[in-house]
Participant: 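First the structure, which I've put down as structure tokens, then a few questions once you've had a look.
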Amino acid sequence: MYKLVLSVLIVLCATFLGNSFALKLSMRRKTLNMIVSAISRMKTLICFGSFEIIRVVNQCFYSEEFDLLCINNLDSDTSYSEAFSQQVRNISKKFALNDADKELLVSFGSELGTTDISGQVAHAELYQNLFLERLSEAKEQETVKSRLYKVLGFSLGCAVSLIIA
């Protein structure tokens, strides 16, 4: 009886582990999709809003459904690019961004507000395209690896429970 309960528990845990890896892939895709749409909104606000860059970033990257970045508290000796970089490095793991995604986001934020409006729009367009490439890569990884992780988790659980039983 104990072996049966232990076997079921092992299968469930391994399946949960596989599903959590698959969920990370899905969350990365969703986050990259939200970043692309936030950059698109930023381009519009830069062109037509005439707001300062901190307000544009807060409005586009911080909303009720997507609280990725919020840069509110700038010290007098902290520059905008340093604050943006610090906020990106403190992004929660729930968004499932890898280090390369974060570095791309840091390089995007470091150049915001340093040129005129047309330069900022061109900069946003460039990074929107770069994030679109990452998004297509994330979609491809999700379709290829998501089911694999789920099946491997279940199979590993079954194999271990058979060895134990």
Participant: Please give me the minimum heavy-atom distance between Ile91 and Lys102, naming the atom from each residue.
Facilitator: O-NZ, 3.8 Å
Participant: Does one hydrophobic cluster hold both Met27 and Leu148, with members joined at side-chain heavy-atom distances below 4.5 Å?
Facilitator: no
Participant: With side chain to side chain contact (heavy atoms under 4.5 Å, CB included) as the criterion, how do Thr44 and Cys47 come out once you've worked through the C-alpha distance, each side chain's angles and the decisive distance to 0.1 Å?
Facilitator: CA-CA 5 Å; Thr44 305; Cys47 282; 5.9 Å; no
Participant: CG of Asp116 to CD1 of Ile46: how many Å apart, nearest 0.5 Å?
Facilitator: 11.0 Å
Participant: Using the rule that Ile, Leu, Val, Met, Phe, Trp and Tyr join whenever any side-chain heavy atoms are under 4.5 Å apart, tell me whether Leu32 and Val36 fall into a single cluster.
Facilitator: yes
Participant: Applying the side-chain contact (heavy atoms from CB on, under 4.5 Å) test to Val11, which of Leu9, Val8, Thr15 qualifies?
Facilitator: Thr15
Participant: Considering non-hydrogen atoms only, spot the tightest contact between Ser161 and Ile10 and give its length.
Facilitator: N-CG2, 4.4 Å
Participant: Tell me if the CD atom of Glu140 is crowded by more than 12 foreign heavy atoms within 6.0 Å.
Facilitator: no
Participant: Between Ile164 and Leu156, is there a shared hydrophobic cluster once you connect ILVMFWY residues whose side-chain heavy atoms come closer than 4.5 Å?
Facilitator: yes
Participant: Let me see the working for Phe131 and Leu105 under side chain to side chain contact (heavy atoms under 4.5 Å, CB included), right down to the final yes or no.
Facilitator: CA-CA 9 Å; Phe131 276 110; Leu105 198 55; 3.8 Å; yes
Participant: So how far is it from Ser107 OG to His123 NE2, rounded to the nearest 0.5 Å?
Facilitator: 7.0 Å
Participant: First locate atom CD of Gln120, then atom OG1 of Thr115, and finally report the distance between them rounded to the nearest 0.5 Å.
Facilitator: 4.5 Å
Participant: Kindly work out whether a path of hydrophobic side-chain contacts (I/L/V/M/F/W/Y, heavy atoms less than 4.5 Å apart) joins Ile117 to Phe108.
Facilitator: yes
Participant: Taking Phe95's backbone N and O only, do any of them form a donor-acceptor pair with Thr31's side chain (distance below 3.5 Å, no angle check)?
Facilitator: yes
Participant: First locate atom NZ of Lys24, then atom CZ of Arg28, and finally report the distance between them rounded to the nearest 0.5 Å.
Facilitator: 13.0 Å
Participant: Quick check: is Leu135 connected to Ile39 through a chain of hydrophobic side chains (ILVMFWY, heavy atoms under 4.5 Å apart)?
Facilitator: yes
Participant: What verdict does the side chain to side chain contact (heavy atoms under 4.5 Å, CB included) test give for Met42 and Tyr127, after you've listed the backbone C-alpha separation in whole Å, the side-chain angles of each residue and the deciding distance to 0.1 Å?
Facilitator: CA-CA 11 Å; Met42 281 183 72; Tyr127 278 91; over 6 Å; no
Participant: More than 12 foreign heavy atoms under 6.0 Å from CG of Asn90: is that the case here?
Facilitator: yes
Participant: List the atom of Lys43, the atom of Val121, and the distance in Å for their closest heavy-atom pair.
Facilitator: CD-O, 4.0 Å
Participant: So Leu97 and Ile35, do their side chains get closer than 4.5 Å, heavy atoms only?
Facilitator: yes
Participant: For Ser85, enumerate each residue passing the side-chain hydrogen bond (donor to acceptor under 3.5 Å, both in side chains) test, keeping only those at least two apart in sequence or located in another chain.
Facilitator: Arg89
Participant: Among pairs that include at least one residue of residues 5-50, which meet ring pair (Phe, Tyr, Trp, His ring centres under 6.0 Å), considering only residues two or more places apart or in two chains?
Facilitator: Phe21-Tyr149
Participant: Would you compute the distance between atom CG of Leu12 and atom CZ of Phe154 and round it to the nearest 0.5 angstrom?
Facilitator: 9.0 Å
Participant: Could you give the distance from CZ (Arg134) to CG (Leu132), rounded to the nearest 0.5 Å?
Facilitator: 12.0 Å
Participant: Is the backbone N or O of Lys3 less than 3.5 Å from a side-chain atom of Ser7, with the two atoms forming a donor-acceptor pair by type?
Facilitator: yes
Participant: Can you name the nearest heavy-atom pair linking Ser146 to Ala22, along with the distance?
Facilitator: OG-CB, 3.4 Å
